[in-house]
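Data first, discussion second: the structure below is written as structure tokens.
We use all heavy atoms of the structure for the numbers below, so side chains are in, but hydrogens, waters and symmetry mates are not. Numbering of ligands and ligand atoms starts at 1, following listing order.
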Amino acid sequence: MTGREQWASNAGFILATLGCAVGLGNIWRFSYLAGQNGGAAFLLLYLFWVVLICLPLLIAEFAIGRSTQREPTMAFEKLGGRHAWWLAGVPSVLGAFVILAYYPVIAGWALRFFLDYLGGGSEARAGVNPEARFGAFIASWSPLLWQAAIMSIGVAIVSGGIGRGIELANRVLMPLLALLLIGLAGYGLTLPGAGAGLAFVFLPDWSALSDPSVWLAALGQAFFSLSIATGALITYGSYLPRERALPGPALAVALGDTAFAIVAGVMIFPAVFSFGVDPAAGPTLAFVTMPKVFEQMPGGAVAGAAFFGLLVVAAVTSAISLLEVVVAFLVDRFGIGRARAALLASLAGFVVGIPAALGEGPLAWLRISGRSMLDVMDFLASNLILPLNAMLIALFVGWVWRATDAREASDLGPAMARWWRLSLRYLSPLLIGAVLLRSLGWL
Ligand code: TRP
């Protein structure tokens with residue numbers, strides 16, 4: 001196929017991939033999981049998985065995309081040499097689709113909170129406490145509206161294509177994101193509880209390491225945060241000209257994404273400890289705990305607007321990547337036009353996401369073993385589809401893709417390439433498998 005769209009520049013590609021990786025995962029998800037799972041110990045496990053398992057996979061996915069110039073299912077078909085191999089790409093697209101369904105729901109909450117704080121935090125001034133505020137909001141129908149708003153922003157950007165849509169949006173939004181985050185983290189450090197907050201992020205409680213579910217949670221978080229095994233890295237790699245090198249961008253994305261998560265911790269936990277709220281609140285950390293902080297803080301409405309603005313920007317650059325995976329699948333495989341594909345994909349994601357949007361309200365009766373549908377989708381994606389698919393990708397590149405071709409496609413030097421393949425052939429599948437089995441209680 002001639003005329004496949006491409007990134008306008010290498011910097012644009014790195015920025016877009018960083019935009020894809022940095023999202024709700026770094027701020028909302030990382031902070032609540034770290035809060036629940038021992039703070040610094042969780043961070044340490046996370047780093048362990050990033051270096052050992054995620055970096056090799058990052059390069060593997062970029063290599064698959066760049067060398068085939070196709071969306072995931074066609075990419076696997078092409079590399080596997082048999083038609084049936086297209087199936088190996090299905091979990092990648094499926095993973096993106098499941099996340100695409102519930103991610104805009106949470107992004108929508110952030111958008112709604114952002115606008116409220118931008119207006120001066122009228123609800124806080126009316127004296128409604130944060131629990132009641134958030135509770136009333138998610139118990140209503142209105143999350144649907146905000147979910148739709150995020151999806152519409154996504155469609156508008158993705159319809160613009162790679163260079164003029166996704167790349168351009170990231171060029172504007174990513175610097176803004178960095179500024180907001182650094183500003184807020186700087187403010188966090190001036191708070192009286194900064195020492196306790198930093199200790200929580202950087203001083204490990206080793207006892208957390210004896211719990212296998214903490215290992216799985218950290219692994220799931222590493223995959224989720226780096227957007228691994230969700231088709232995005234393959235898809236973004238497929239818009240890369242063949243002569244562009246991979247290891248540099250892979251390293252930049254892994255480091256950049258981790259840095260964002262750590263700085264987000266430096267922003268959140270000093271505030272949490274300064275105002276005596278609970279760091280282990282779970283998924284409501286950003287939406288109930290943080291508003292409690294903003295209420296007590298001088299200039300809280302401004303900090304609140306900045307915090308939720310940050311969340312929205314981070315979420316939008318990721319939501320467009322999720323959408324792009326499904327769009328690329330529809331465009332490459334079925335020859336559908338980009339704008340129509342964006343509409344179709346977002347509509348499907350919206351519909352599947354409805355149970356997540358209304359799961360604490362009109363559809364609260366719809367639960368699986370007590371978990372809300374939002375929880376179920378997030379668990380299904382991060383702790384099941386992603387690890388299994390990561391294993392599949394590692395096995396494919398390690399065993400099916402011809403060694404010389406794979407090595408060449410990785411752009412790694414001979415020594416690194418050998419280590420890379422060893423990691424994909426043995427280390428990754430074994431470790432991921434062990435963590436999965438162990439946390440299911442089968443090992
Ligand atoms: N990495 C994103 C975050 O941290 C979430 C995510 C996972 C994602 N897989 C993705 C985003 C694929 C875009 C595309 O929030």
Between Phe287 and Trp109, what is the ring plane arrangement, given parallel below 30°, perpendicular above 60°, and tilted in between?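 Plane angle over 60°, so perpendicular.
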
Should the pair Tyr117 and Phe308 be assigned to parallel (<30°), tilted (30 to 60°) or perpendicular (>60°) ring geometry?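 Ring orientation, 0 to 90° scale: parallel.
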
Answer with side chain, backbone, both or neither: which part of Phe224 has a heavy atom less than 4.0 angstrom from an atom of ligand 1?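 For Phe224, the contact with ligand 1 is made by both the backbone and the side chain.
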
Need the ligand 1 atom indices (1-based, order shown) with element for anything under 4.0 Å from a heavy-atom of [X].
X	value
Gly23	3 (C), 4 (O), 15 (O)
Cys20	1 (N), 2 (C), 11 (C), 13 (C), 14 (C)
Ala21	1 (N), 2 (C), 3 (C), 4 (O)
Ser225	1 (N), 4 (O)
Ala232	12 (C), 14 (C)

Is it the case that over 12 heavy atoms from other parts of the model lie below 6.0 angstrom from the CZ atom of Arg367?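 Buried by this count: over 12 neighbours within 6.0 Å.
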
At what distance is the nearest protein heavy atom to [atom], and which residue and atom is it?
atom	result
atom 14 (C) of ligand 1	Leu322 CD2, 3.4 Å
atom 8 (C) of ligand 1	Ser227 OG, 3.3 Å
atom 9 (N) of ligand 1	Thr230 OG1, 3.0 Å
atom 13 (C) of ligand 1	Ser318 O, 3.2 Å

Please determine if Val22 has a nitrogen or oxygen closer than 3.5 Å to a nitrogen or oxygen of ligand 1.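 Checking ligand 1 against Val22, no N or O pair falls under 3.5 Å apart.
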
Report the C-alpha distance between Phe62 and Phe13 in whole Å, list the side-chain angles of each, state the deciding distance to 0.1 Å, and finish with yes or no for ring pair (Phe, Tyr, Trp, His ring centres under 6.0 Å). CA-CA 11 Å; Phe62 279 161; Phe13 161 67; 5.2 Å; yes

With heavy-atom distances below 4.5 Å as the criterion, would you say the side chains of Tyr32 and Thr284 are in contact?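 Not touching, per the 4.5 Å side-chain cut-off.
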
Salt bridge check: are Arg4 and Asp332 linked by an N-O gap of less than 4.0 Å?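 Yes, Arg4 and Asp332 are salt-bridged.
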
Stepwise ring pair (Phe, Tyr, Trp, His ring centres under 6.0 Å) test for Phe97 and Phe329: CA-CA 11 Å; Phe97 183 73; Phe329 168 72; 9.9 Å; no

My understanding is that only one of Asp116, Leu311, Ile150 makes a side-chain contact (heavy atoms from CB on, under 4.5 Å) with Leu111; could you say which?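 Testing each of Asp116, Leu311, Ile150 against Leu111, the sole residue satisfying side-chain contact (heavy atoms from CB on, under 4.5 Å) is Ile150.
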
Is it true that Tyr103 lies under 4.0 Å from ligand 1, counting heavy atoms only?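 The answer is yes: ligand 1 sits under 4.0 Å from a heavy atom of Tyr103.
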
